Amino acid sequence: MVIKRYIMTPGPTPIPSFVNTSMQSLIHHRTDEFRDVIYSCRKMLKEYFQTKNEVAIFTSSGTGAMEASISNTMCAGDKIVTVEGGKFGERWGKIAKSFGIKNIPLKVEYGDYARPEDIKRIIDSEKNIKGVYIQASETSTGTFHPVDEIGIMLKEDYSDILYVVDGITAVGVMDVKPDEWGIDVLISGSQKALMLPPGLSFISVSNKARDFMKRSKLPHYYFDIEGELSKKDTLFTPAITLFLGLKRSLEYILYEEGLRNTIRRHGLLAHAVRESVKAMGLKLLSKRPADSLTAVISPENINSSNIVKIMKDECGVQISNGQGDLKGKIFRISHMGYVDKPDIIMAIGALEIALKKSGYHFSLGQGTQRLLEIFSDG
Ligand SMILES: *Cc1c(COP(=O)(O)O)cnc(C)c1O
């Protein structure tokens, strides 16, 4: 039987053929031609990030930029708040510890979101908090934290605290406004909404963040934000082909689809997925779902690993299991990046087949019917 492959995971995401073809020829990186590529990428990234701040590019997966946001701004012994409501939030704590930074975690139950007042309480009871580190979208639970409200609270009451947001599955998906929300450092990566292979990370820095960078004394060498921004080149050999792909994908998002439309499309697809899984009697894990992916609680007595496996084996549709403690308990369907309505119709159809085969009681077509209603409405 023919089994085509469809990638519906929250990273990596599908790569459009026009992005693939843009990455076929290698040019040398110490040339004016490549400097032009870097220049346009940095310029377009500012538009994509919706910021007036500069954006540095690293050849690394997203975690490299997360690490840089600590190693370039803090000093040994500094204290930060890390919002930990899933695997990626917990990563903040691990990076902090490895650099000798004291992190005060705000533990958030998986699927729940951080409240501004909880962060405020920690800041007021701990003295000398230097930074607040959070995810916009916590990919392990599919949750969108209220990074706008938190940012505005910090801007008004604690303007000397650095506000760092991992926007890896939020930038280019939802309307994230770093300058209005007082986000000093915003991070993204290539293999999510940017429709590229893994290997590039991005980090924007406000003037306040650059002041923090001046006083920072933590060791770092490869991940040097100010060093990258100070040159027309990259400091080291970059992933040249990915830069070529980045230029093409940014042109597509900004000038062909248009960022407003990109964000609107993600909103529609996310809404459609949430409604169709609910129509099958399933429950979402998140109390405040992100538009990049949907985390669904596996029906009672059905291991989600089974659902993931059947979807892949029968239909070639790769979705994601839960991570860590959530493994076997939830499954995650991504609708981020180069995804359209037919992709979603296929994914929900494949999910129905997998649920039926796993022994879940519902009538086939319940989810798909709701989906088609949404897509044919208006
Ligand atoms: C994917 C992702 C990262 C980065 O992970 P890498 O494997 O280093 O690319 C960081 N934060 C979030 C929220 C993510 O979804």
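In this text the structure is predicted, and so the values were computed from the model without any measurement. Heavy-atom basis, side chains included; hydrogens, waters and symmetry copies ignored. In what follows, residues are counted from 1 in the order of the sequence shown. In listed order, ligands and their atoms are each counted from 1.
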Inset, instruction - Indicate, with yes or no, if the rings of Phe34 and Phe243 have centres closer together than 6.0 Å. - result: yes
Inset, instruction - For atom NZ of Lys232, decide whether the heavy atoms of other residues, nucleotides or ligands shown that lie under 6.0 angstrom number more than 12. - result: no
Legend entry - Ring centres under 6.0 angstrom apart (Phe88, Tyr133): no
Inset, instruction - State yes or no: are the ring centers of Phe58 and Phe236 separated by less than 6.0 Å? - result: no
Inset, instruction - Enumerate the protein residues lying less than 4.0 Å from ligand 1, judged by heavy-atom distances, in chain and residue-number order. - result: Ser61, Gly62, Thr63, Met66, Phe88, Arg91, Gln135, Ser137, Thr139, Asp166, Ile168, Thr169, Gln191, Lys192
Legend entry - More than 12 heavy atoms from other groups under 6.0 Å of NZ on Lys130: yes
Inset, instruction - Identify which one of Arg264, Glu257, Arg265 satisfies the side-chain hydrogen bond (donor to acceptor under 3.5 Å, both in side chains) criterion when paired with Asn261. - result: Arg264
